[in-house]
Amino acid sequence: MPQTVPLSWYLILSAILFGLGVAGFIFRRNIITVFMSIELMLNAVNLSFIAFSYQLRQVDGHIFSFFVMVVAAAEAAVGLAIILTVFKNRATLAIDEVNSLKN
Amino acid sequence: MPANFMPSSAELLRFLPEMILIVMGTLLMVLEPLTKDKQHLGVIALVSLIGAAWASVMAYSNPGAAFQSMLVIDGFATFFRVLVIGVGVLTLFCSFAYLKRENAEDGEYYPLILFSVVGQCIMVTANELIILFIGLEISSIASYILAGYLRDDKRNNESALKYFLLGSFATAFLLYGISWIYGVTGTTNLAEIRRVLANKDIAPSLGLIGTSAALMFVGFAFKVSAAPFQVWAPDVYQGAPAPVSAFLSAGPKAAAFAIFLRVYMTAFESVADTWAPVVAVSALATMIIGNFAALLQNNIKRMLAYSSIAHAGYVMVALTAHSNIGTAAAMFYLASYAFMNVGAFAVVTHFARKGEKYVSIDDMAGLGWRQPVTAALLTVFLLSLIGVPLTGGFFGKFYIFKAALDANLVWLTILGLLNSAVAAYYYLRIIVVMYFKEPGESTADLQPLSAGVQAVLWSSAAAILVLGVYPSLVLDFAGQSAALAK
Amino acid sequence: MSLLNLVLALPLIGFLLVLFLPKNNINAIRLFTLVLTLGIFVLSLGLTGPFFASGNGNWFVTDVPWIQSPEIRYHVAIDGLSLWLVILSTLMTPICVLVSWNYIKDRVKEFYAFLLLLEFGLIGVFVALDLFLFYVFWEVCLVPMYFLIGVWGHERRIYAAVKFFLYTMAGSVLMLVAIIFLYNKGGTFDYVNLVELIQRGRLTFTHTEQLWLFLAFFFAFAIKVPLFPLHTWLPDAHVEAPTAGSIMLAAVMLKMGTYGIVRFCLPMFPNAARECAPYIVVLAIIGIIYGALVALVQPNMKKLVAYSSVSHLGFVVLGIFSFNQNGLDGAVYQMLNHGISTGALFMLVGYLYERTHSLEIKDYGGVANISPGLATVFLITTLASIGLPTLNNFIGEFLVLQGSAQVNIWWTAFAATGVILSAGYMLWMYQRSFLGETNEHLKGHMHDINARELAAALPLLILMVWMGVYTKTFLPFVSQANARILEQSRSGVELRVVNQNPGGNVAAVREIPNAR
Amino acid sequence: MQQLWLIPALPLAGFLINGLIGKRLPKMVVSLIAVASVVLSFGWVLKTLSALGSLETAYVERYFTWFESGTLNIGFDLAVDRLTAVMLLVVTGIGSLIHIYATGYMEHEGGYYRFFAYLNLFMFFMLMLVLGGNFLILFVGWEGVGLCSYLLIGFYILKKSAGDAAKKAFIVNRIGDFGFCLAMFLIVVNFGSLDFGKVFEAVKPMPVEATAGILTAIALLLFVGATGKSAQVPLYVWLPDAMEGPTPVSALIHAATMVTAGVYMVARSAVIFERSPMAMEVVAIVGLITAVMAATIGMTQYDIKKVFAYSTVSQLGYMFIACGVGAFSAGIYHVVTHAFFKALLFLGAGSVIHAVHGEQDMRHMGGLMKKIPITFAVLTCAWVSIAGIPPFAGYFSKDEILLAAHHHHPWMYWVGVVTAGMTAFYVSRAMFMTFFGKYRGHAHPHESPFVMWGPLAVLAVLSLAGGWYFKVPHYLEPLFPLSGEAHDMTLVAISVGAGALGIGLAYVCYVLSPGIPDTVSGALGPIYKLVYNKYFVDEVYDATIVNPMVGGSRSVLWRIVDAGIIDGIVNGTATVSRSVGGALRMLQSGNIRSYAAWVTLGGVAVLVVLGVMAGGAK
Amino acid sequence: MDAFLFFLFAAIAVACGINLVVQTHPISSALSLIGVMGALAVLYLLLGAEFMAAAQMIVYAGAIMVLFVFVIMLLNAGAETRKSRATFAKLLGVPALIGFLMTVSFLIQALLPRTEPVKFGAFTGGTAQAIGKKLFTEYLLPFEVTSVLILIAILGAVVLARKEI
């Protein structure tokens, strides 16, 4: 086993997590899970920022991911509120059933 | 060192419009429980928007960067600031009667509009990706809420949910892209990025730059509803309350285009040869999808949504040209588009009645004879959307395709213009229904236009005609500002 | 403010004023429009002044900037080519007002407003000397006509109106591309400047460029003309339009296309025009014969007249693409003639329709017994339309065919069959509807032409004779303007003279472009 | 200035007055105006001609430029030379007589003023035709008379057959005009002018064309025009139908004047024709075929006017034989004499028809000799004249023609002689059927009033003496030099004999033993049917040209090409657009996850293009 | 050691990520997400982002995810019912996803310039102090503006869910 891993591996990890987030979004049927998949994607982004920050020896990437986190928090609040209203009107969290607007 | 970071009064002045809006928005929140007649809040919101517009103009008298080059106040920014604020004003005018009719006169609506406008203002002035992102999120989150504002309405819920989920999804791509460009260039400041990319040594990492450009493209294209990321727009516009649809299709879109233009025309300008073909293809696809899908729509809001997709396609053509003329054309177009689209939606706002019952095109049968003025003004908007001369829409298209021809995009130009001929069909359909069909029961109990909607209609129509007869008024400014601060 | 500006502005002002007239006072609206349009007509007669006084040239030039960047100018003027077309527009409008007097019962205000707007657009098209301005007017014409057909038309009006709009739109967007391209290349929208640049060789196009530019312009114009096979919007539009709409459409709007070809295609793209001429001529000839044959079998009067327009306009195109004085003079003259005679035909068909609400020929028969006056007017118009000498169409057709004969006698031979056929379909229609036993359905509905109707028809009848007998009033100015255009259309074209004829006559020298 | 314009202007004035206000004028005034205008015109012709003297060269008056384009300048020119002078006298002279006659004949018809207005208009155009100083003015008259012919044939607007005949006449004439026009275009292309003087000056030095050349083309095209107007094969079909018009019209237009315009035009263009032997040959042969064919048909018809109509066609054929063999003056001579006797025949026939209340079928006539003696008397004059009995008018001109034909090709002479025999036969047949035997009709025949038989009497005199008195070929000598050959009396005798034989044969068949015709026609069976039905030419035209054209236009051009293909493409574009729209709508399933899939797919596509391809390219 | 930690926590992150995607019950997914976040926090530390690591645990895993779990509980969300109606999404999504992953991996591998090995402690700029300094100087504006964001979030939650809570 090598002593260290190159930074690019972190980035690949980030990409994998991002991809898993995308997969979750596409394949999950529960609205909340779908939302969580987005959070996973954002986490992947954060990892990427921090990895790059390491490479650049800068702290700016951290700041960016900090803001991403803040935004995620805000989104979570609003998003969950929206999900609540949807649930209240439709009594379901199945994302496939929220499809009255189409074509 | 600390002294350096204290914003100077000049910088604060440059940020004044946003500050006004934030303060007033907060104030409205505070006042909300204390006010009986919520329309007063709306009036306050209006006044503060107008104040902000004034402040934007003032801010332009001392252009330059602010807050460590986070923001830059140039002509371009000012143009879009005034534009999005203007859209906010028009939206408010549309909203009064609508909210009253839908018994949704909670005071929160007004601060939400204000904050969304703040977000857009920050976007259009942003010169740095972090603040750009935050501005985008402020605008978006406010928009998500607005789209689902009538929380008991199923359509509103669905609209908000779709908008929110897909919007966040796309934002994640954008962020991912930003992280890459940050990784490659070590900075998030657009001017800095531009400087790094202009360096010849970046050739090896062109693929990475391309990757980040691509990922950011997903985010931006989503926000402006360009193909293939336009899927959300029809559902959201259809489901959202009509004034909000008007707002969404004009304000956030214009702001999104502003950052799209700014990022791609400054930061990525040196690699334009790489991304321009992609934008061209996307532009073409956008026009085609928007126009052709609109042909079959019977829901007027949905049709306008598709039309708004198609119009995004035209602006993308201007972006493809990636020239100052193109940028100016896009600016002009977005301005005239904002007026005609808000105008058209305003008529829908008026016509839909309680619960948005009448939103099918066929319902408008005979409107031309029941309410001639409404119909005539809507006709002006539609003609402008078609691109008939002496309307702003025509000049917008004209400038865009002129820019495209300047950039030798002959085929894109021809296909684009043929597309606009296709588009004529579905706009004409509304005219056909309004004037050539006999009035039905759907127009029987139509109330007279509310003062607010009237204000929107008349001012939009006037703006469209002024832009159509004397486009220099706006175009000259756009032309001067098209050279973005770099 | 020059007279031309006044003539151009008054319809627009009138349009706005009519919108502010009280909706219910139909009489006031009609009267106002009539007086106004008559006034405009009288004023427009003044436009001939400098022509009679000092001959040809560009008169009443107004050239002021409109938009700075890109530089678009409000540049209007008239020359011999546009003079009569402008007057034709101003003449037809009051006639349309008279024709619509009782015909239009609903939405009267809007009707007259659109009519005035249409007049504005039409005059504008003929006087604009800035390509962009031209395009603006071109499109402006579209809207009022669209409404005239769509609102006051017959059963299938919506289909016809939309078809009309889209057809034209499809053509004009290509023209817009070409206009922009020209600007990018030549740096100006100004027609006069552009032509001068091209003449001086300061603005040159590659072969492909010129070809495409020409085609883009030509396509837009050909749709409007309409040239076979782009004509199918015309019968629908004509049949469904109200009488006034048909009149304006036939009399003036179709001329926009042919005017455009003469004004823009020839001087600006001489090589391409000559290169395409054989193909276009073939289409024109097909159009002449085809239009006539299809007209022959139409059961519907308006459709018949509409197809006859396709045939007549084929002559115009044929004349234009003969590239000689006779052909071009004939073509332009024929534009005016067609405007008058076909306009009159639509008016008369409209009179019949007003009486019986039918356009089917089979519903008529023996009208001449009940309405001899109407029958006489109709007959004269028919005769004008089929090109009887001493009536106007003859001169145009003769010159066109003469011009084409100088190039290729076979063109003429084929085209001239259209003259035979025109007699066929027109007389057959006249016979079936006016002669013979009186149709039972007509009894009680039919009455003879009344004073108002006659007043509308009379100017046209007079013009038919006047233009057929004393061409000196009209033709010389047209001719001089055409000479200039021909001169321009020769620049940059290397011609060789072929087939020097025995008489050694200069007029008959055939020019063909040198093979590249 | 001789004010030549007054000649046509007078009838025009008559037309305008009667046409515009005639409805409100009493019949007396209408007829006065109509007759006076023509008679005055006749007077002015006489005055002018006497003032112009010998007219060795053409006298031209130009009034204004009709139209001018480039180097082409068409003037409103009127010109008089000897040829014109002859025609002017015939037109105005016969015209006057027929106008007078018509005032009686049309007495009880509706649309009295209209009739005279048209008739005056016809005079105007006919005079323009003969006075025209260039081809185009000639063409004005040419088309104008066609128009009046149209109007007058269709005068009985209630009758469908009249309308059909009128339309047919106009259209068939148009076909001829088509050739005329092309000829004019060729003339302009080659000579740069349409003025007779200029064109003929330019043509004169040109050599006679051995092979087909430009002059042949022009001559043949001109002749196409002439076949239309002068009812030659293959365009003669309109003339028999034209008898639907009132009889004075048949006399004036379809016998005396208009139909001879073709001959006039060919004679006028003699300079061109003479330089193209081929064209001349064609003219002669077409003339021959027409003469024979029409004569055969004439022998079988029962409608009195139809008989005379075919006779006219046949006689016109004669005139073209004359032109074709180079004896233009003989042709014109025949025009003149033919005008006399054929006008008389028609007017006489009109008088008969008038007498028997509109009956035209000779099988319902007979024995009218006693009942309408004056008519019979004057018709007899015409009869002997057309039969070529010396020394009556027809003899002179026919003889000139036959002799010239013999000089050209003897076989033409023989065909001409046979035709002459047939001519004599069918005219005699008509006379016998009408006036001899006993009356087979039901009406009460009565003699016509003086206004009708007065002109007949004048014409009768002319038919008898006109040929001898008016030596037309001599008068025309400056234009068409005489051949100077002596008359071969044998040939003359043979042709006169043929005429006599015809009369005799008719006498045998229709007076002595009336059964013979039926026997003969029965024996000939199909041939008789063929001839009786006018060789089915109308039917053939209908089947080969008219019906295919109309049917094809309807079912192929209109329904298939226009509505099917072109509009199909147009509407198809719309349909395709809509189905594209429909397909694109499928993207909008309404399902958030599929939207996300699209976004991802798009993202991948953009990534591949921008990241991989842009990067990979480096 | 660095490598070992990376592999360990990367594996945890990926495993939890996969679990998030495959679990049908939202609560399982939520717990998996918390797992991912925890693993990532360790990786942040390895990369010298100590403040972010802390924030990740406190804000993200602690606050945000609690909110999620709270809502899941509130709505009593059950496991997904298997209804494969959106075959369209699958049809498009699978290739899209595979394409995405392949492309990004390729890009990283092929195009990223040779990256240095990650050594714990090689970069120590991510302290709370450093970040704080940056936030209140250079990033003052975003930091302040973020307050608006939070404000909107509150406002939105109130507007949309007022009666429910």
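Numbered from 1 within each chain, the chains take letters A, B, ... in sequence-line order.
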Distance in Å, [X] [atom1] paired with [Y] [atom2], rounded so as to fall on 0.5 Å steps:
X        : Y        : atom1 : atom2 : value
A/Ile26  : D/Leu601 : CD1   : CG    : 9.0 Å
D/Thr600 : A/Phe25  : OG1   : CZ    : 8.5 Å
A/Arg29  : D/Asn591 : CZ    : CG    : 9.5 Å

Handout entry: Shortest non-hydrogen contact from D/Arg593 toward A/Arg28
Key =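 The answer is CD-O, 3.3 Å.
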Exercise for the section: Determine whether more than 12 heavy atoms belonging to other residues, nucleotides or ligands lie under 6.0 Å from atom NZ of D/Lys159. Expected result: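 Atom NZ in D/Lys159 is packed in, count exceeds 12.
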